[in-house]
Structure formats: C-alpha cells, structure tokens
Amino acid sequence: MGYDLMIRNGTIVFRENVKKADIAIKNGKIVAMAECLIGTADQIVDATGQLVMPGMVDAHVHICEPGRTEWEGFESGSKALAAGGTTSYIDMPLNALPATTTKEALELKLAAAKGKNYIDYALYGGLVPGNLQNLQELSDAGVVAYKCFMATCGSDLPGDFKNIDDFTLYEGMKKLAELEHVLAIHAENAEITDRLALEMIKQGKTSASDFVASRPIFTEVDAVKRALLLGKETGCKLHFVHISSADAVGEIITARNQGQDVTLESCPHYFTITARQFQAIGPLAKCSPPLRSKVEQDKLWEAFKQAKIDMLTSDHSPCPPEMKFSATNNMFEVWGGISGCQNNVDLMFDEAVKKRKVPVTQFVRMIATNPAERFNLRAKGEIAISKDADIILVDPNQSYVVKTENYYYRHKHSPYTNRKIDCRVTKTFVRGQLVYDLDEGIVGKPIGQLILSQKSSNYIVPS
C-alpha cells in the first residue's frame with residue numbers, strides 16, 4: 001500500500017503506553033501502525049532515538065488579531081506554536097479588538113484568521129456583561145467553549161473585553177448549561193485584588209514582590225469556590241484556567257469528586273519560575289494570577305505528579321515591548337502576560353518527565369488528549385487510527401539554550417530567554433504535513449484549518 005508519509009523507528013507515546021512502532025499517514029489521517037510496517041510512502045522520516053508524540057493542543061492562547069495585530073497576529077503566533085510542538089490551539093476571545101463576544105466580532109476574527117495559521121485552530125466566545133443574548137449565536141457560529149473573567153480586565157476602548165459581575169456569571173452559567181458548553185473561568189476576587197493594589201500604589205510599593213502580595217492565593221481560592229457554587233446550582237460545565245495554587249486545585253478536585261463536571265489547567269510558568277525569580281527577571285514574568293513562592297510551587301508540583309491537573313496550556317499573552325518596560329518601573333502599570341508558547345513542550349518535558357519522573361503517558365494526556373477531549377476536538381489529541389496525523393518528534397537527549405533570535409513571536413521577548421532546556425522538539429506535523437523542522441525552521445505555507453464546534457455543523461464560514 002502506498003502512503004503519503006511513514007514515520008519509522010520511533011518510540012510512540014500512546015495514551016496509556018509507550019512502544020516502538022512505525023506510523024503510516026494517508027490524506028492527513030493515521031491509517032496504520034505496526035512494529036515493522038510494510039508499505040511504501042511518498043516520504044519516509046526516520047525517528048530513531050526520538051519520541052513520537054501527539055502534538056500539543058493548547059487550549060489557552062491569546063492571538064490579538066484583529067484590532068491589536070501589532071501585539072501578536074495569527075501568522076507569527078501560529079509559527080511560534082508550531083515551533084514549540086503545538087499542532088492545534090483554541091484562541092481566547094481577548095485580546096483582539098473587538099473581543100469575540102458577538103457573532104459580528106467572531107466573523108471579523110474568522111476573516112482575519114483565514115489563510116494565516118500554520119496549525120489548526122478553534123475559537124472561544126466571551127461571556128461579558130450585556131451579551132447573554134449573544135451566547136446562542138456564538139454557539140451556532142462555531143465557538144467550542146466560552147471564557148469569562150472574575151478578575152478586573154479590559155480597557156475603556158469600545159468593544160474591549162470586560163469582567164463579569166456575579167449575577168451575569170449566574171445567568172450566563174444557566175444559559176451555557178442549556179447549550180451544553182464549557183465555561184472557562186479566570187478566577188480571582190476582583191474587589192479584593194483591586195483594593196490591595198490601590199493600597200500598595202498609595203504607599204509607593206510598586207515592585208514585583210508588591211504585585212504578588214496584592215493577589216494572594218486566597219483571592220484565587222475564593223473566586224474558585226464562588227464559581228463552583230454557581231456551577232453546582234446551574235449545572236454548567238466549568239473549566240478553570242491558569243490555576244496557580246495547590247489550594248485552588250484542592251477545591252476543584254473536591255467538587256469533581258462530589259459530582260461536578262469541572263476541569264482545570266495550569267501553565268509552565270507556574271512550575272518553572274518563582275516569585276523570587278520574578279523579581280530578578282522583571283516585567284517579562286508578570287502574569288495574573290502571579291507567580292508564587294518556591295514553597296507554593298512545590299505544592300503545585302505535587303498536585304501535578306498526582307495527576308490532579310488536567311492539562312497544561314501556555315496562556316500565551318504577548319504584547320509590544322513598550323507595554324512591558326517603562327521608565328517608572330511600576331509593576332502595576334506593566335502588561336500582565338507571558339510570551340511562552342514556543343517552549344511549552346520541551347520545557348515541561350524536561351521539568352516533569354526527565355527531572356521529576358512523571359510518566360510520559362501522563363504528560364501526553366496533559367498536553368494533548370485531555371484538552372482535545374474536554375473541548376470536543378474529536379480528531380485531535382492522541383496517536384490512534386483515524387485520528388488527524390498531528391504528530392511531533394521530540395529528542396529527549398538534545399539540549400539547547402533559548403535564544404532571542406530563534407523566536408517566531410512578533411516581539412522577541414520571553415522570560416525563558418537564556419534558559420537551558422534538556423529536550424527538544426525536532427519536527428511538527430499537522431495532518432501529516434511538515435510545518436516545522438529544527439534544521440529548516442517553519443516549512444511551507446500556512447495550512448491551518450478552522451475547527452468548528454460539533455454543534456455548528458451547518459454554519460458557513462464567511463469568505
């Protein structure tokens with residue numbers, strides 16, 4: 001039988017086990033696997049000495065096009081994702097302008113994304129004050145989930161994303177429960193964190209450590225507990241984004257054990273950068289919730305090793321350098337977001353699998369299988385017959401130092417610059433097509449396709 005592509009001699013990481021085998025791909029799908037596969041192919045890749053893994057499904061990415069394309073556009077962002085071993089992603093409804101909270105705004109984003117992505121992509125809709133009547137149309141138009149902020153966010157610009165009040169959260173959850181959609185939640189107590197920040201600023205306390213102190217762990221836990229209560233009352237499926245503390249993880253796991261439909265994610269920066277290191281790195285490491293102490297980070301690692309964290313995401317949230325660096329050095333005025341998606345897989349493989357002996361099967365479920373299943377990306381997330389051939393090759397024995405000149409981001413800055421990583425993504429395939437090669441860089445033209453929600457099979461994407 002003739003195939004389009006065969007990957008030979010690799011060690012394949014499946015959902016539950018690892019074994020040496022060959023993979024055959026035809027028309028973008030995995031069609032055969034065997035220890036010594038018989039057949040010919042247009043292209044043969046030798047993966048000797050490398051792990052063959054499903055590409056990362058990054059369920060938390062901020063592409064800022066349209067409206068803020070100068071922060072990060074689909075082309076530059078998807079290149080960085082591909083180079084980091086991500087083969088599909090879900091784009092948040094912010095920080096584009098207008099935010100994706102109406103059908104009209106969604107269609108602006110769909111038009112902007114067309115023909116620019118190097119990997120496959122899906123979209124979130126937003127839940128904000130005043131758009132309850134728009135949730136159905138967003139579902140019909142193909143969003144795979146929804147996002148809301150319990151922390152203060154947004155600007156005074158028309159169409160920017162806004163945080164919600166408790167009544168909107170309650171009513172939105174009721175509607176999304178009817179629509180059978182997941183609501184992703186940024187959980188921090190807005191009133192307390194805002195007032196603590198004001199007190200710090202009044203006292204002239206504007207350093208990295210002051211910013212961390214203004215968003216203590218209990219403000220995350222409080223918001224998580226409040227959202228869980230509303231979720232229990234409404235029956236809404238919940239997903240908590242970028243959880244930074246083991247205490248918050250514990251509340252979510254307790255609710256799940258009591259029958260709630262709830263998942264959670266965390267991000268590489270919470271496992272690899274401490275609050276003390278934030279002080280040394282500076283604005284590039286500012287994010288919300290903030291980075292935590294080494295003691296708290298160790299607790300989060302224990303939750304990770306016990307498989308209490310469902311998935312890893314990047315929360316890639318880029319911006320121009322002038323938004324990160326100012327003459328005042330006031331950390332409260334600095335944009336809060338980390339550029340990190342180009343180093344998700346290799347960094348966390350090094351830290352989790354190599355250094356902390358987390359099973360590689362668990363790692364693959366966290367970066368690929370679990371997010372694909374939670375957000376109903378049915379063709380994605382694992383190496384299996386009939387699934388999309390979204391595959392990465394990972395060399396666990398290759399080391400490198402992160403360098404600015406290798407970034408594909410629109411703005412070449414990240415808190416991981418100059419960090420040594422003892423693992424490397426060497427190739428990224430999307431539906432069997434090579435999009436990134438370590439030696440060649442980004443390969444070919446953008447081939448990324450839009451993934452629509454299964455609930456919107458009749459929706460026609462605007463041309």
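All values reported here derive from a predicted model rather than from experimental measurement. Counting from 1, the numbers follow the sequence of the chain as shown.
Salt-bridge check for Lys103 with Asp140: failed, with every basic side-chain N at 4.0 Å or more from each acidic carboxylate O. Under 4.0 Å is where a charged nitrogen must lie from a carboxylate oxygen, and between Lys299 and Glu302 no such pair does.
Summarising the geometry, atom CD1 belonging to Ile338 is positioned 9.0 Å from atom OG belonging to Ser317; distances are rounded to the nearest 0.5 Å. How far CD of Glu180 is from SG of Cys236: 11.0 Å, rounded to the nearest 0.5 Å.
No side-chain heavy atom of Lys380 sits under 4.5 Å from any side-chain heavy atom of Thr87. The side-chain heavy atoms of Tyr407 and Thr417, taken from C-beta on, include a pair separated by under 4.5 Å.
None of Arg378, Gln449, Lys29 except one satisfies the side chain to side chain donor-acceptor pair (under 3.5 Å) rule with Asp388; the exception is Lys29. Among His186, Glu265, His269, Glu188, the single residue meeting the side chain to side chain donor-acceptor pair (under 3.5 Å) criterion with His242 is His186.
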Kindly list each side-chain donor-acceptor pair under 3.5 angstrom involving residues 245-256, sequence neighbours excluded, with atom names and distances?
| from | atom 1 | to | atom 2 | distance (Å) |
| --- | --- | --- | --- | --- |
| Ser245 | OG | Glu220 | OE1 | 2.6 |
| Ser245 | OG | Ala248 | N | 3.3 |
| Thr254 | OG1 | Gly250 | O | 2.9 |
| Arg256 | NE | Val262 | O | 3.0 |
| Arg256 | NH1 | Asp310 | OD1 | 3.3 |
| Arg256 | NH2 | Val262 | O | 3.2 |
| Arg256 | NH2 | Asp310 | OD1 | 3.1 |
| Arg256 | NH2 | Asp310 | OD2 | 2.5 |

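Two rings, from His316 and Tyr89, have their centers 6.0 Å or more apart.
Partners of Arg195 under the side chain to side chain donor-acceptor pair (under 3.5 Å) rule, at least two apart in sequence or in another chain, do not exist in this structure.
Within 6.0 Å of the NZ atom in Lys305, the count of heavy atoms belonging to other residues, nucleotides or ligands exceeds 12.
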